[in-house]
Every structure is written in C-alpha cells, then in structure tokens.
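Right, one structure below, let's go through it.
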Amino acid sequence: MLVRKIEQQDLARVSFICMKAFMHSVAPGLSNEGIDMFREIAATDSFSNRIKGDNTVLVFEEAGTVQGVIELKEGRHVAMLFVDPESQNKGIGNELISEVMAYARTKTITVSASLNSVSAYLKYGFACTGEPDEKSGLKYQPMELELNKSSKKDALKRASS
C-alpha cells in the first residue's frame, strides 16, 4: 500500500472513485442540482485544474490500483475524501487523513462533510461546528479538527484511538 501525490494518469480513476462512492452513499439523499454540482466538481478536468492551484491531492494505491483520494484545499480544508465502496472499512480513509495532515498549514482543519460521512469524520477526530446546511444542492455538516502542537500526525492518532 502506498499514499502518494496524485499524478496525471490517476485523474480518470480518481474521478471514477469519487462518482462511484458519491452515487452509492451520498446522491440518494440529494436533489438533481446537488448531483449535477458534484459531477462538475469530481470531473477529471476539474481535478486537473485544482492540482495546478493550491490544492494537495493524495491517492491511496494498493496492488497498482488507486482505491481512495483526499484533497486538501489551501492547506486548511478537506475538500474531498472518497474511497472506492468495495475498499471501504479497511482503514484507507484514516490513512489518507493521517497523511494529508503533513500538508496542513493551519492549526485547524475544516471539512464540509456530507451528512452520511459525519460518523467517519468523528472517528478521525473532527467535531461538528454548526448546523447542517445546503449549498448548490449539496447537504453538509461543518466540522473541524484542532491539530495539537507536537505533530499533525499525533493529533490524528490521538483522535482515532
């Protein structure tokens, strides 16, 4: 298993994983507007444009196949975290969260968690910071993770214990 930065040849697989996981667990509770908005966000060309900017995108690869992805926007906000549904509940999300913290540039990491992923983020150590909301048809729960002073990875180890 390997967590590494995304490469151009990963874009189609990453887009596929995001859409597959989204349609499996998030889309059933959303309007067509939300599904269409997510399609735009998860499109290959959208990922390509974001990795040229101030976003860090890491992938989890095992046996030569990308199975998960995380995107950290501006070193402060988890914009995407998706694992192929067939590979979920194997610690891939936790590994991606742990690894992306090395790129954090703030003491607090935020996420607008899809409502069905709140329990996973709670396990990663995030806390809810407001009421659920909706924007462009996407329903989310604002959450954040306070990083400790000793190390970003230690914060996650402590939080996930």
Side-chain angles (χ1 to χ4, degrees), residues 1-27 30 33-88 90-118 120-121 124-126 133-147 151-153 155-156 159-160:
M1 85 178 165
L2 168 71
V3 175
R4 61 173 173 76
K5 283 193 172 184
I6 194 171
E7 298 172 358
Q8 283 295 119
Q9 68 263 22
D10 300 321
L11 292 174
R13 174 73 180 155
V14 164
S15 178
F16 173 79
I17 288 170
C18 290
M19 284 308 303
K20 181 179 178 184
F22 176 84
M23 294 306 286
H24 178 262
S25 59
V26 181
L30 298 181
E33 176 190 18
I35 294 168
D36 290 343
M37 175 57 68
F38 187 80
R39 259 193 201 101
E40 289 178 30
I41 294 167
T44 302
D45 59 336
S46 293
F47 266 110
S48 181
N49 290 333
R50 291 195 307 273
I51 63 175
K52 293 174 186 170
D54 192 14
N55 290 17
T56 301
V57 180
L58 304 178
V59 296
F60 181 97
E61 179 184 312
E62 188 165 30
T65 303
V66 172
Q67 297 177 357
V69 61
I70 190 165
E71 178 178 356
L72 186 66
K73 180 180 178 180
E74 300 171 347
R76 63 172 178 78
H77 180 79
V78 176
M80 292 271 216
L81 173 57
F82 286 97
V83 175
D84 187 317
E86 295 171 20
S87 299
Q88 290 179 1
K90 297 180 181 178
I92 294 171
N94 191 55
E95 187 71 23
L96 286 165
I97 286 277
S98 180
E99 291 295 323
V100 86
M101 289 304 137
Y103 299 90
R105 300 192 309 254
T106 60
K107 293 179 182 178
T108 302
I109 302 300
T110 61
V111 66
S112 298
S114 61
L115 300 182
N116 65 308
S117 68
V118 170
Y121 281 104
Y124 302 145
F126 284 77
D133 206 350
E134 183 174 340
K135 183 176 180 181
S136 301
L138 295 171
K139 298 175 184 178
Y140 65 93
Q141 170 65 56
M143 301 180 81
E144 64 182 34
L145 173 67
E146 294 289 332
L147 301 178
S151 97
K152 296 165 187 165
K153 283 191 178 183
L156 277 170
S160 64

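Values below: every heavy atom of this structure, side chains too, minus hydrogens, waters and symmetry copies. Each residue takes its place number in the sequence, starting with 1. All of these numbers come straight from a predicted model, not from anything done at the bench.
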If you compare all heavy atoms of [X] against all heavy atoms of [Y], which two are closest, and at what distance to 0.1 Å?
X	Y	result
Leu30	Gly137	CD2-O, 3.5 Å
Ala113	Tyr121	CB-CD1, 3.6 Å
Cys18	Val69	SG-CG1, 3.6 Å
Val78	Leu81	CG1-CB, 4.3 Å
Leu11	Ser48	CD1-CB, 3.7 Å
Lys73	Ala79	CB-CB, 4.3 Å

Asp10 side chain vs Glu7 backbone, donor-acceptor pair below 3.5 Å: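 Yes, Asp10 side chain to Glu7 backbone: donor-acceptor pair under 3.5 Å.
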Donor-acceptor contact below 3.5 Å, side chain Ser15 vs main chain Ala42: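 Checking the backbone N and O of Ala42 against the side chain of Ser15, a donor-acceptor pair under 3.5 Å is found.
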side-chain contact (heavy atoms from CB on, under 4.5 Å) between Phe16 and Val66, worked out: CA-CA 10 Å; Phe16 173 79; Val66 172; over 6 Å; no
Pairwise side-chain contact, [X] with [Y], heavy-atom cut-off 4.5 Å (strictly under):
X	Y	result
Ile70	Phe60	no
Leu138	Phe38	yes
Met101	Leu145	yes
Thr65	Arg13	yes
Gln8	Ile51	yes
Arg50	Ile41	yes
Glu99	Arg4	no
Lys5	Leu58	yes

Aromatic centroids of Phe47 and Phe82 separated by under 6.0 Å: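 Not close enough - the centres of the two rings lie 6.0 Å or further apart.
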Distance (rounded to the nearest 0.5 Å) between [X] [atom1] and [Y] [atom2]:
X	Y	atom1	atom2	result
Leu96	Gln67	CG	CD	10.0 Å
Glu61	Ile92	CD	CD1	11.5 Å
Glu95	Leu2	CD	CG	10.0 Å
Tyr124	Ile97	OH	CD1	6.0 Å
Arg105	Asp54	CZ	CG	4.0 Å
Ile109	Glu146	CD1	CD	9.5 Å

Listed partners of Asp133 passing salt bridge (charged side-chain N to carboxylate O under 4.0 Å, His left out), at least two apart: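 Salt bridge (charged side-chain N to carboxylate O under 4.0 Å, His left out) list for Asp133, sorted by chain: empty.
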Non-neighbouring partners of Lys20 that pass salt bridge (charged side-chain N to carboxylate O under 4.0 Å, His left out), sequence neighbours left out: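 Residues passing salt bridge (charged side-chain N to carboxylate O under 4.0 Å, His left out) with Lys20: Asp84, Glu86.
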His77 NE2: over 12 foreign heavy atoms closer than 6.0 Å: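 More than 12 heavy atoms, drawn from other residues, nucleotides or ligands, come within 6.0 Å of this atom.
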Chi angles and distances behind the side-chain contact (heavy atoms from CB on, under 4.5 Å) call for Lys139, Val26: CA-CA 9 Å; Lys139 298 175 184 178; Val26 181; over 6 Å; no
